[in-house]
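Each remark here refers to the structure printed beneath this line.
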Amino acid sequence: MPSSSSGRYAVADEAVHAGLQFIAANRPTPLYYVFGDLRVLTPVEVLHYTGHAERRHDGAYRLVSTRQAHPFDTVFGRRLPLRAAD
């Protein structure tokens, strides 16, 4: 879930590194982080959007603006309503 006061997601640095390793070992299988507000980022995007930030050596999280994330429906498509069998 994004922070209600800062409008950012906190993504564990370990999760980003594990995600990058997963992608490297299992190409072309995609990996997405889906947040509680149903917005989506990839590990590469998290790394890219936080690469410019000054990192402290004891920092365990990367903070990403919620504005950078993609709506769930644009990534995975809209869910169509089920139709009754004829």
Side-chain angles (χ1 to χ4, degrees):
M1 243 355 212
S3 166
S4 57
S5 59
S6 69
R8 295 183 288 183
Y9 302 112
V11 182
D13 201 43
E14 289 179 351
V16 173
H17 290 287
L20 293 171
Q21 290 175 347
F22 176 86
I23 291 169
N26 298 290
R27 285 183 44 190
T29 304
L31 178 66
Y32 298 96
Y33 299 133
V34 180
F35 298 97
D37 60 352
L38 292 181
R39 294 187 63 85
V40 179
L41 287 169
T42 67
V44 174
E45 289 174 323
V46 172
L47 191 63
H48 174 75
Y49 294 139
T50 60
H52 69 282
E54 182 179 333
R55 303 262 311 145
R56 295 179 48 151
H57 295 291
D58 60 347
Y61 293 92
R62 293 177 177 268
L63 300 176
V64 184
S65 171
T66 56
R67 291 178 284 142
Q68 303 290 353
H70 311 281
F72 186 90
D73 291 345
T74 62
V75 175
F76 297 105
R78 255 182 359 113
R79 181 178 173 198
L80 300 174
L82 296 176
R83 293 186 332 181
D86 293 330

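Note: hydrogens, waters and symmetry copies are ignored here, and every other heavy atom, side chains too, is used.
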Original post:
Would L41 and Y49 satisfy side-chain contact (heavy atoms from CB on, under 4.5 Å), going step by step from the backbone distance to the final call?
Top reply: CA-CA 10 Å; L41 287 169; Y49 294 139; 4.0 Å; yes

Original post:
Residues in side-chain contact (heavy atoms from CB on, under 4.5 Å) with A15, at least two apart?
Top reply: A12, Y33

**OP:** Can you see which heavy atom on T50 is nearest to which on L63, and at what distance?
**Re:** CG2-O, 3.4 Å

**OP:** Give a yes or no on whether the backbone of R8 and the side-chain of T66 come within a donor-acceptor separation of less than 3.5 Å.
**Re:** no

Subject >> Side-chain heavy-atom pair Q68, Y9 within 4.5 angstrom cut-off >> reply: no

Subject >> Salt bridge flag under 4.0 Å for residues R62 and D13 >> reply: yes

**OP:** In sequence, state the C-alpha distance, the side-chain angles, and the governing distance for L20 and L47, and then conclude on side-chain contact (heavy atoms from CB on, under 4.5 Å).
**Re:** CA-CA 9 Å; L20 293 171; L47 191 63; 3.7 Å; yes

Subject >> Sequence-distant partners of R67, side-chain contact (heavy atoms from CB on, under 4.5 Å), two or more places apart >> reply: S65

Original post:
Given the rule that I, L, V, M, F, W and Y join up when any side-chain heavy atoms are under 4.5 Å apart, are V44 and V16 in one cluster?
Top reply: yes

Subject >> Side-chain heavy-atom pair P71, L38 within 4.5 angstrom cut-off >> reply: no

**OP:** Taking side chain to side chain donor-acceptor pair (under 3.5 Å) as the test, write out the residues that go with H70, two or more places apart.
**Re:** E45

Original post:
Are any non-hydrogen side-chain atoms of P43 and L31 less than 4.5 angstrom apart?
Top reply: yes

**OP:** Please name all residues satisfying ring pair (Phe, Tyr, Trp, His ring centres under 6.0 Å) with F76, sequence neighbours left out, ordered by chain then number.
**Re:** Y32, F72

